[in-house]
J.: 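This structure is in structure tokens; I'll ask about it shortly.
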Amino acid sequence: MSATAWAWLVLLFPLAGSILIALGFRRTSWRFAGIVGTGAIALAFLCGIVALINLLGESPDARHHASSLWEYASVAGLQIKLGIYVDPLSVFMVLVVTGVSTLIHLYSFGYMQSDAGYHRFFSYLNFFVFSMLLLVLAGNFVLLIVGWAFVGFASYALISFWYRRTTATRAGMKAFVINVVGDIGLVLAAFLIFQHLGTFEYTEVFAKAPHVFHANQWSVTAICLLLLVGAFAKSAQLPLHTWLPDAMEGLTPVSSLIHAATMVTAGVYLIARTHVLFVLAPTAADIAAFVGLATLLVAASIALVMTDLKRAIAYSTMSQIGYMVVGVSIGAYSAGMFHLMTHAFFKALLFMAAGSIIAAMANEQNIDKMSGFGKAMRFTSVTMLCGGLALAAFPFTSGFFSKDEILAYASARGGMYLIFTILGYFGALLTAIYTFRLIFRVLRGEPCAEAQELIDTGHVHHAAPFNPASGEAEDTDIGFPGAEHHIAEQSPPMKVAMGILAFLALFAGFIQVPGVDKAITNFLSPVFSDSPLAAIEPSTGAAWFGLLIGGLVSLAGIGIAYWLYVASPATPRRLQERFAAVHTFLYNKWYFDEAIDILVVRPALAVGRFANRVFERYVIDGAITGGAEETIGRAGAIVRTFQNGIVRTYGLFLVFGAVGLALYFLIQQS
Amino acid sequence: MEAVIFFIAAIGAVVGAIGVVAARNPFYSVLALISHLFSLAVLFLLLTSAFVAAAQVVVYAGAVMVLYVFVVAYVGSAQEPTWDPVPGQRLFAGLLAFFLFVEISAAVLSSALKALSTHGPDVPAGFGYPAAIGNLLLEKFLVPFEASSVLLLIAAVGAIVLANRKPRSGPQAGDGVVSSGHSAPKARPEGATPAPASQSEPLGAPK
Amino acid sequence: MNIDWYIVLSALLFTIGAIGILVRRSPMVILLCLELMLNAANLALVAFSREVGNGQGQVFALVVMVIAACEVVVGLGLIVAIFRRKLPLDVDDLRELRG
């Protein structure tokens, strides 16, 4: 079978799994849901592997296929097909998505074991994987938007999974609304593309674009900026990023899959896919790169002071995606995609470990209350350390190679782009500091009460069901985090998943060592060969120099964290008191939420209130409806006076009519 | 000669009509109408319609007006109040009626019927005589003739039902005779029970 | 006399009857005015019958007389019924039939 046939199967299995689990949720056991869910994604992964093998069997220039099942619409000049596009980039994304998803499904099989909404969870999760695969495999912009929207919905459904918690539902709504803002940008971009190029299909758009658009023409710049709006909303870049920390209300597997490895990387994929347009609009590409850089630094600075474990990791995600956005915007396409892959590994792993710890802490997520889990949960802490090392770009881990490849490319491109290199290294320093801040605070030290309970009795601590954020009681029917969720040590599927990811986080970088092998670059080069930027390559020497600096930066960061949190534990408090204003500013997330509230939410509410109180009441109810009602009422009252019940009046009307008629006929006659 | 009689009869008819409308006392209106009817009979004679004139006098002035006289005597002649609940109606009514008269006259006088300006064609000797009318009634207009007798029957029954006294009144002897088909002379003022609707109890004997 | 005199006279009598109906308030007098109008119509019918030359108009006039008689019967029955129920004999006061 051809690669496209296998690609269709890749789409089919998660969808079938989702529907199967959803339909049978009353009659099947939880094991059935878990096995079908995980199996569907595993099958999709296998089909992806076969598609990859098929693709590799062809010559590099021929590795792009489009295939469509049927046409949605074929009207004057408009042709929309249900079609997919299989090329190295989409197969790469398919493998990353299905691979990491399989492991996360495996993890959830154990983690969610006693949750009341087990079937619903797996159905939603499979549906999410299906939507993400639809997004990456889409062959035209319409199907891309369909996948984009589905992914947004799946994210909303999974964030608000415990739907009786107000914090969860509010976070879900926030995520959805901000994603819709991005959807608007994407749809408008698609319209503009259609208006200028007359087609939605990728192959035709990318072939025609260089001929239709000149460099930096306002139309292609506008298209790219609108695409960026969509990409930034989905990938949580400034200023559309405020939904991601709140999205941590969702379950841990959700956070690791959607908000670390896959959905938030959709924006990066979009920029990489439409790189032809971005090459034609360098201004937009530069804007994207600078926004990515800004996000990188802002998020890293916030992560330094965050006390909620999952939110700190979320800001770290935001920061790393900033790196990826920088990468694909300045032309380091394969480096950006490589970082996407390694980030998926170590970030998913970090979230899994965090989930394990939060389960042990019975729903408490504040790291101020955590310590000493290194002694209580060996496996979890070892894997968390692996993930942390990769995130901090410790020498020879996967994150080390991927992050520094982007920065080496930036310096190779030279000129203004050296800013990215310098600030990128600064960001790497911050990354290392905050990563090891988390690790040292959570894993080291004397065991806290819950950890001690685990060490002594081997049982996970159970707390009263209260939501620590809002203080309201939890709904035990629908479920809530912490209770009855499992830790890695006691659940084999979780151990398997985390173990595989830990291995990948540490050693996956070796497929792209500068000067030794360039597996990913070679694989993806047919896709990006039409971009002049892809030809820029740092020399091996420059690359190793960059790697050296990166390693030093990482070790320095780990050292600073060690000093702050292990050697002299009083220092952080002194620093906090000394730089209180800065600390407050960072702790309040640079006041972005408040700014959006003042700039966007309050005016919108004011407009709504005006519409309701003034416009609706006076104009519509008063003038239009009331006016019509009044008029008809008055007219009716006038007519009513004729019906006074007096027979003589009626007779009068009769004679009046007769006179009128006679007059008419007389006039007609003459 | 003919013109003189015409004008006398016409003036008599108009005066009678005005008398009907203007008289305050309904009894005087009835008398005015009787004189009007006699004048009309004379006009019919002028038009060589002898039978119609006779029927007018005998049936109309003789029987129908007698009915009116009876009812006026029974009901009494109450004066009408002069206050008009709908202001301006009388003036408006007069105006409209005047317009109606003008229109009809205009219609007739300006019509294309040439024969209207003549005395009419020469008619055979028996025109308007009972024989001619009888022939027409029984040959050409048989159905209307029979239908009008049915109508008379219905009217008689209806009048009996209408004037029936409600709960305590007995079954009236249904007369079936044309001209006295209603029970107004037999009724007398009763006290109480103006219950209009219920006919549930059987009609008792007339009191 | 020309026939049109009779027709005009009939129109005059008709309008006088119409005025009477619209102006008077006693049902008795209204019925009488109704008689006026009917007679005016009779006059017109007989006049036309003379003008055409056959007796059809006269037969029509006879039927009108029958109808007038029936209507008088019913109308007077109504008046008697109203009087019996002690209601005012005034068409302006009897206005239950309002819209």
Side-chain angles (χ1 to χ4, degrees), chain B residues 2-3 6 10 13-14 17-18 20-21 26 29-30 33 40 43-44 47-49 52 55 59-60 64 67 71-72 75 78 80 85 90 93-94 97 100-101 104-105 108-109 115-121 123 128 132-133 136-137 141 144 148 151-152 155 158-159 162-163 181-182 184 187 194, chain C residues 1-9 11-20 22-26 28-29 32-33 35-36 39 42-43 46-47 49-53 55-56 58-59 61-63 65-74 76-81 83-86 89-90 92:
Chain B
E2 194 188 333
F6 169 77
V14 172
I18 294 179
V20 168
V21 172
S29 299
V30 173
L33 188 64
L40 271 190
L43 285 172
F44 287 156
L47 287 170
T48 63
S49 311
V52 179
V59 170
Y60 229 122
V64 175
L67 284 178
V71 174
V72 166
V75 162
E80 269 180 32
R90 292 202 165 132
L100 190 60
F101 170 64
I104 296 178
S105 311
V108 165
L109 291 174
L116 277 180
S117 341
T118 66
H119 191 224
V123 284
I133 304 291
L136 275 176
L137 274 181
F141 297 107
S148 36
L151 178 65
L152 284 167
L162 268 178
H182 68 97
Chain C
M1 293 304 303
N2 291 346
I3 303 292
D4 47 14
W5 286 92
Y6 290 91
I7 308 296
V8 171
L9 176 64
L12 181 61
L13 293 173
F14 186 83
T15 56
I16 294 177
I19 291 178
L22 295 174
V23 164
R24 294 300 295 259
R25 293 174 68 175
S26 164
M28 280 292 311
V29 179
L32 287 171
C33 297
E35 297 304 315
L36 269 182
N39 278 297
N42 267 356
L43 179 61
V46 172
S49 150
R50 177 70 180 86
E51 180 246 341
V52 168
Q56 292 187 2
Q58 296 173 26
V59 170
L62 284 175
V63 175
M65 269 190 229
V66 166
I67 291 174
C70 299
E71 166 228 326
V72 162
V73 158
V74 175
L76 290 178
L78 269 175
I79 291 178
V80 167
F83 182 76
R84 281 244 201 94
R85 281 158 182 72
K86 305 275 196 296
L89 268 182
D90 183 344
D92 285 348

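Heavy atoms only: backbone and side chains are in, while hydrogens, waters and symmetry mates are out. Quick note on labels: first sequence line is chain A, next is B, and so on, each numbered from 1.
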J.: Is chain C contacted by the side chain of Ala132(B), its backbone, both, or neither, given a heavy-atom distance below 4.5 Å?
T.: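 Contact with chain C involves no heavy atom of Ala132(B) at all.
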J.: Heavy-atom pairs under 4.5 Å with chain B - which of Cys70(C), Gly20(C), Ala68(C) has more of them than the others?
T.: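 Of the options given, most contacts go to Cys70(C).
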J.: Which one, Leu33(B), Ile18(B), Leu100(B), leads in non-hydrogen pairs under 4.5 Å with chain C?
T.: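 Most heavy-atom pairs within the cutoff with chain C belong to Leu33(B).
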J.: Can you tell me how far apart CH2 (Trp5(C)) and CG (Leu43(B)) are? Round to the nearest 0.5 Å.
T.: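 It is 13.0 Å, given to the nearest 0.5 Å.
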J.: Could you go through the side chain to side chain contact (heavy atoms under 4.5 Å, CB included) check for Leu40(B) and Leu13(C) one step at a time?
T.: CA-CA 11 Å; Leu40(B) 271 190; Leu13(C) 293 173; 4.3 Å; yes
J.: Quick check for you: to the nearest 0.5 Å, what is the distance between Tyr60(B) atom OH and Glu35(C) atom CD?
T.: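 The OH atom of Tyr60(B) sits 3.5 Å away from the CD atom of Glu35(C).
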J.: About how many Å separate CG of Leu62(C) and CG of Leu137(B), when rounded to the nearest 0.5 Å?
T.: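 The CG atom of Leu62(C) is 6.5 Å from CG of Leu137(B), to the nearest 0.5 Å.
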J.: Taking the side chain as C-beta and beyond, is there a heavy-atom pair between Gln58(C) and Phe44(B) under 4.5 Å?
T.: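 When only atoms from C-beta onward are counted, Phe44(B) and Gln58(C) do not touch, as no gap falls below 4.5 Å.
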J.: Which atoms form the tightest heavy-atom contact between Val29(C) and Val20(B), and what is the distance?
T.: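 Closest approach of Val29(C) to Val20(B), heavy atoms only: CG1-O, 3.9 Å.
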J.: Could you give me the CA-CA distance, side-chain angles and deciding distance for Val66(C) and Val59(B), then say whether side chain to side chain contact (heavy atoms under 4.5 Å, CB included) is met?
T.: CA-CA 9 Å; Val66(C) 166; Val59(B) 170; over 6 Å; no
J.: To the nearest 0.5 Å, what is the distance between CG on Leu22(C) and CZ on Arg90(B)?
T.: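 One finds 11.0 Å between CG of Leu22(C) and CZ of Arg90(B).
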J.: Highest number of heavy-atom pairs under 4.5 Å with chain C: which of Leu151(B), Leu47(B), Val108(B)?
T.: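 Among Leu151(B), Leu47(B), Val108(B), the one with the most close pairs to chain C is Leu47(B).
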J.: If I compare all heavy atoms of Phe14(C) with all of Ile104(B), which pair ends up nearest, and what's the gap?
T.: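 So the minimum-distance heavy-atom pair works out to CD2-CD1, 4.5 Å.
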J.: If you tally heavy-atom pairs under 4.5 Å against chain B, which of Ile67(C), Val46(C), Ile19(C) wins?
T.: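 Between Ile67(C), Val46(C), Ile19(C), the count favours Val46(C).
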J.: Chain B heavy atoms under 4.5 Å from Leu9(C): which part of the residue, side chain, backbone, both or neither?
T.: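 Looking at Leu9(C), just its side chain touches chain B.
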J.: Is the closest side-chain heavy-atom distance between Val52(B) and Met65(C) below 4.5 Å?
T.: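 A side-chain contact under 4.5 Å exists here.
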J.: What's the shortest heavy-atom distance between Arg24(C) and Val21(B), and which atoms?
T.: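 Looks like NH1-O, 2.6 Å.
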J.: Keeping the roles fixed (side chain from Arg50(C), backbone from Thr48(B)), state whether a donor-acceptor pair exists under 3.5 Å.
T.: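 A pair under 3.5 Å: no.
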J.: Is it the backbone or the side chain of Glu71(C) that comes under 4.5 Å from a heavy atom of chain B, or both, or neither?
T.: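 Neither part.
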J.: For a side chain to side chain contact (heavy atoms under 4.5 Å, CB included) check, start with the C-alpha distance between Leu67(B) and Val72(C), then their side-chain angles and the critical distance, and finish with the verdict.
T.: CA-CA 8 Å; Leu67(B) 284 178; Val72(C) 162; 4.3 Å; yes
J.: Heavy-atom pairs under 4.5 Å with chain B: which of Asn39(C), Val74(C), Val59(C), Val63(C) has the most?
T.: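 So the answer, after comparing Asn39(C), Val74(C), Val59(C), Val63(C), is Asn39(C).
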J.: Counting the benzene-type ring for Trp, do Phe6(B) and Tyr6(C) have ring centres under 6.0 Å apart?
T.: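 Phe6(B) vs Tyr6(C): aromatic centres under 6.0 Å.
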J.: Rounded to the nearest 0.5 Å, what separation is found between the CD1 atom of Ile7(C) and the OG atom of Ser105(B)?
T.: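 One gets 10.5 Å once the value is rounded to the nearest 0.5 Å.
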J.: If you compare all heavy atoms of Leu32(C) against all heavy atoms of Pro26(B), which two are closest, and at what distance to 0.1 Å?
T.: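 Taking every non-hydrogen atom into account, CD1-O, 4.3 Å.
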J.: Apply side chain to side chain contact (heavy atoms under 4.5 Å, CB included) to residues Val71(B) and Phe83(C) and explain how you reach the verdict.
T.: CA-CA 10 Å; Val71(B) 174; Phe83(C) 182 76; over 6 Å; no
